[in-house]
There are 2 protein chains.
Amino acid sequence: MGSSKTILFSNSQNQLAEFAKALGHPARIAILQELIKRKCICGDLVEILPLSQSTISQHLKALKAAGIIEGEIEGTKVCYQIKEDSWNMAKTLLNTFLKNPLDCC
Amino acid sequence: MGSSKTILFSNSQNQLAEFAKALGHPARIAILQELIKRKCICGDLVEILPLSQSTISQHLKALKAAGIIEGEIEGTKVCYQIKEDSWNMAKTLLNTFLKNPLDCC
DNA sequence: TTTATCTATCGTAATATTACGATACAAGTG
DNA sequence: CACTTGTATCGTAATATTACGATAGATAAA
């Protein structure tokens, strides 16, 4: 156990939960806020956030896995930015749920 | 480790993350949807959801801890319902973040 | 080429989450 | 009183998450 039984729920319920889970850590909220302001390399976020480089890299990986951000390689750096289409889709899904919880899933 | 360093982030960021985390499981999404339709005792949810009674009780505990629902004892049963004020506050906070991620935290 | 920079990943550890069955407790029912 | 019902909690187990330091690998700079 320890893993969610996602097979037993609807796609919308799973998508919604997955997106909410991605937002479910203050560091990832902070990262998103910074990425909304400007594109960042991992090092920028390391300077801002009180967490180690490896930990921030993990959080970036989680946001990337959820489809919310994307990274573009620029030399030795990786430039992260919001992935607008998926981010908008996620926002719409969550907004719909908050406004009309029964019509969305 | 394994626990979030909440001390290092703002109250809003932590609140937002905590609320999102509560929504971060499809079973809890499903429970919320049912509770929005009608008040439920734990047993009602056990019939609807493909999870055991103890597991559902745990999810209810998580939603209660996040302040989203409340339970009222009625004899041997506990009648759960949305805690409207906190739920509205949580929705507002999340909505604000989704619309204006920088103005809210 | 050597060196510096940047990031992902590995290894590790602590803690949290998810899930289930079993059980205990409380409150009605007979 | 004994019995049923409903739920929370305990015990347990598997897996996930969070966090860090160390390191490897890739690229840019000297």
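Predicted model, so just to flag it, every value in this text is computed and none were measured. Each chain gets a letter, A, B and so on, in the order its sequence line appears, and its residues count up from 1.
The stretch residues 61-72 of chain B participates, sequence neighbours left out, in no salt bridge (Lys or Arg N to Asp or Glu O under 4.0 Å) pair at all.
Both S3(A) and I41(A) sit near DNA chain C, but only I41(A) has its closest nucleotide nearer the 5' end. A residue-by-residue look at T6(A) and Y80(A) shows that Y80(A) has its nearest nucleotide of DNA chain C further toward the 5' end. Between C42(B) and R28(A), the residue anchored nearer the 5' end of DNA chain D, judged by the nucleotide with its closest heavy atom, is C42(B).
For the atom pair CG of L45(A) and CG of L35(A), the computed distance is 6.0 Å after rounding to the nearest 0.5 Å. Within the model, atoms CG of N88(A) and CG of L93(A) stand 12.5 Å from one another, a figure rounded to the nearest 0.5 Å. From Q15(B), atom CD reaches atom CZ of F97(B) across 13.5 Å, with rounding to the nearest 0.5 Å. Here S86(B) contributes atom OG and K91(B) contributes atom NZ; the two are 11.5 Å apart, rounded to the nearest 0.5 Å. How far CG of N95(A) is from CG of N95(B): 4.5 Å, rounded to the nearest 0.5 Å.
Within residues 43-53 of chain B, the residues that have a heavy atom under 4.0 Å from DNA chain D are, in order of number, G43(B), Q53(B). Of all the residues in residues 55-67 of chain A, T55(A), Q58(A), H59(A) reach under 4.0 Å from DNA chain D with at least one non-hydrogen atom.
Atom NE2 in H25(A) sits roughly 12 Å away from atom P in dT17(D) (whole-Å rounding). Between the NZ atom of K39(A) and the P atom of dC6(C) there is a distance of 19 Å, rounded to whole Å.
For the pair K5(B) and dC20(D), the criterion of a side-chain N or O lying under 4.0 Å from OP1 or OP2 is met.
Heavy atoms of S4(B) sit under 4.0 angstrom from primed sugar atoms or phosphate atoms, though from no base atom.
Where the helix from dT1(C)-dA30(D) to dG30(C)-dC1(D) starts and where it ends, the local axes point in directions that differ by 10°; five pairs per end, rounded to 10°.
Remark: E34(A) pairs with K37(A), R38(A) by the salt bridge (charged side-chain N to carboxylate O under 4.0 Å, His left out) rule, at least two apart or across chains.
S54(B) and S52(B) share a donor-acceptor pair across their side chains, judged by distance under 3.5 Å alone. Under 3.5 Å, the side chains of S12(A) and S10(A) contain no donor-acceptor pair of N or O atoms.
Between H59(A) and H25(A), the ring-plane angle classifies as tilted under the 30° and 60° cut-offs.
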Where protein sits on nucleotides 24-30 of chain C, one letter per nucleotide: B base, S sugar-phosphate only, - none, heavy atoms under 4.0 Å: ---BS--
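Looking at I69(B) and K83(B), their side chains never come closer than 4.5 Å, going by heavy atoms from C-beta outward.
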